[in-house]
Amino acid sequence: MTTYTLPDEIRKIRSHYCPGCGHGILHRLVAELVNELDITEKVIAIAPVGCAVIAYDYWKFDVSEAAHGRAPAVATGIKRSLPDKVVFTYQGDGDLLAIGLSEIVHAANRGEKISVFFVNNNVYGMTGGQMAPTTLSGQKTLTTPYGRNETEIGPPIDILKILQDFKNVVYLARGTVTSPKEINKTKEYMRKSLQIQMDNKGFSLIEILSPCPTYWGMTAINALKHINETVVKNYPLGIIKDE
Amino acid sequence: MDRKNLTGLYFWQGNTACAEGAIAAGCRFFAGYPITPSLEIMVHMNSRLPELNGICIQMEDEIASMAAVLGSSWAGRKAMTATSGPGFSLMLENIGLAIMTETPCVVVNVQRGGPSTGLPTFYSQSDIMQARWGAHGDYEIIALCPNSPQECFDLTIKAFNLSEQYRVPVIILIDGFIAHMMEKVTVPDDNSIQIVSRNQPKQLADIPVDSKPDNLLVPPMANFGQGYRTHTTGLTHDEHGYPDISTEAQNKLISRLIDKIKLNSDKIVITEQTCLDDADIAVISYGINSRTAVEAVKRARKNNVKAGHLRLVSLWPFPEKKIRELSNQAKKIIVPETNMGQIVREVQRFADSNTQIAPLNNAGGEIITADKILKTIMS
């Protein structure tokens, strides 16, 4: 029988995330991977601005916050200065795809040897449920009370499609956290991303479809169903690029 | 450490001297974005830093440039960027983060006429207040203002030293005129250049890290990747780096960030004076206009007018005490600036109300000539 225990890399404090949020699972996956890959003294994380702004409250390794959207640029400065360290950014969809689109695209194109963990929950959580670049067509949010209108606002953006033809991008995958099976798959994508970096191969990004029951106006269970039935149609799961 | 200085005598423009000053100070990371009239600094770094195991990256914009500089400084390097007006506006977001996270770094702003695109190829001195107040929130900052290529070299070293000592971004406000002026620059040998590096916590893996401020109110800085497991955040935080969103924590943190500059201002402020001891008419200036002002004062002395000059080598923190003393002595203070009156307001704040204050301004592009300053002295 397997006993699951919390890794030393995570602080045993009360979570500030809403019930049913995916961040708790993902924080734990990150801590488990850091522990399993034995990189606790080598890893440097950059937290976003958004719900995960205080990710460093949970992780017991070097972590910095960046200004909103700028994590890939900060990671560039850190990784270029300390090429032997393992550097990853942990960013939400507003952070990475709206205000930080320029930073992520250019870091990817330069082929910065960093890992990006991109948590896509289709909405701005921290500020109270406004539209994100990833908000689905027709989805109601605080700032799209009549639903996202593609002719006025454009369709949701798929970052993996944007990055897949970039020469220096070596690995792109999308997972979710809707079941233990999917969580394990996501964990393996994230492990591979860190391993690619440790092998000095290039840039990789893992997108994780994550539930936001609070601002989707759903129960935690229905939010997971919504990902499986609807969100994945917009953002297909699996390995998108592996070179 | 091998600084690989180009010890010797050179005919350099201010921008080149600034870049070499940074290298002499130990700068081994530069991230920037092309802009006139600061561009030559990045171009010089692009060829020089790789020879020294340094890194120079052209980033996608000034926001990312400043972000990369912070990352590099957290990773333990001495890091710098250089820009001009419009780029400086973009950098202010991350300059605010540098202030809040007490990140040593140097930002060069080669000033041109503004607002907006303004006068890209003409100089000005109009970002003095932006350097002081441009980021949101309350803070103190250090800004230096060279008036020759030699000083572009010397003050860039000084800027790195102050930045490491006080854990604050130091802004070098060069006016475009000085940046493109070519003059003799002496690069001394390595041993005669004083280098200051940040204090670090005494013990590794000390969790939470030892972060008690020193007698200058500056805490030691744990670099990333050394095993401190350190946290850095732009949120209001406690002394261990953990967020503490309370008015108590905010008052404690912001008071210290301000006090570490304010209470040490006597150690930071640099001024120069010419014929000031018995002067009853004083000129206060900085940058290019300090060169014409000295000339005007000398001419006035030949006409038996007791004029003197106070040069602000550092602009922030402002030399409040010096202005108070001077206003008790001088009946008139003239402030020539290539802006519409920025430092003159600070002079008015601290001068005795009986002293006549005479601003002398140009909105950008022109030096305030010695003739003009002399005319105001004599009037």
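Convention: sequence-line order gives letters A, B, ...; per-chain numbering from 1.
- Residues of residues 164-172 of chain B never come closer than 4.5 Å to chain A when only heavy atoms are counted.
- Using bins of under 30°, 30° to 60° and over 60° for the plane-to-plane angle, the ring pair His27(A)/Trp59(A) lands in the tilted bin.
- Of residues 91-99 of chain B, those residues lying under 4.5 Å from chain A by any heavy-atom pair are Glu93(B), Asn94(B), Leu97(B).
- Open room surrounds OH on Tyr33(B); 12 or fewer heavy atoms of other groups in view lie less than 6.0 Å from it.
- In this structure, Asp165(A) does not pair ionically with Lys241(A), as no charged nitrogen and carboxylate oxygen lie closer than 4.0 Å.
- With contacts defined as side-chain heavy-atom distances shorter than 4.5 Å, the pair Trp316(B)/Arg132(B) qualifies.
- Remark: Arg11(A) is positioned above the aromatic ring of Tyr242(B), its terminal NZ or CZ atom under 6.0 angstrom from the ring centre and at most 45 degrees off the axis.
- Interface residue Ile55(B): only side-chain heavy atoms are found under 4.5 Å from chain A.
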- Would you check, one step at a time, whether the test side chain to side chain donor-acceptor pair (under 3.5 Å) holds for His237(B) with Tyr56(A)? CA-CA 12 Å; His237(B) 46 274; Tyr56(A) 40 76; over 6 Å; no
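- Distance CD1/Ile35(B) to CD/Glu62(B): 5.0 Å, rounded to 0.5 Å.
- For chain A, the nearby parts of Phe224(B) are the backbone and the side chain; heavy atoms of each come within less than 4.5 Å.
- Interface remark: of the candidates Ser81(A), Ala66(A), Ala73(A), Ser102(A), Ser81(A) forms the most heavy-atom pairs closer than 4.5 Å to chain B.
- Of the two parts of Lys85(A), only the side chain, counted from C-beta on, holds a non-hydrogen atom closer than 4.5 Å to a non-hydrogen atom of chain B.
- Salt-bridge check for Arg28(A) with Glu9(A): failed, with every basic side-chain N at 4.0 Å or more from each acidic carboxylate O.
- At least one donor-acceptor pair under 3.5 Å links the side chain of Thr135(A) to the backbone N or O of Asn122(A).
- Interatomic distance, Ile44(A) CD1 to Glu41(A) CD, rounded to the nearest 0.5 Å: 11.0 Å.
- Comparing Arg77(B), Met59(B), His231(B) by how many heavy-atom pairs each has under 4.5 Å with chain A, the most go to His231(B).
- Salt-bridge check for Glu243(A) with Lys167(A): failed, with every basic side-chain N at 4.0 Å or more from each acidic carboxylate O.
- Note on Val69(B), Ile63(B), Thr101(B): by heavy-atom pairs under 4.5 Å with chain A, the leading option is Ile63(B).
- A salt bridge does not link Glu140(B) with Lys260(B): none of the charged nitrogens is closer than 4.0 Å to a carboxylate oxygen.
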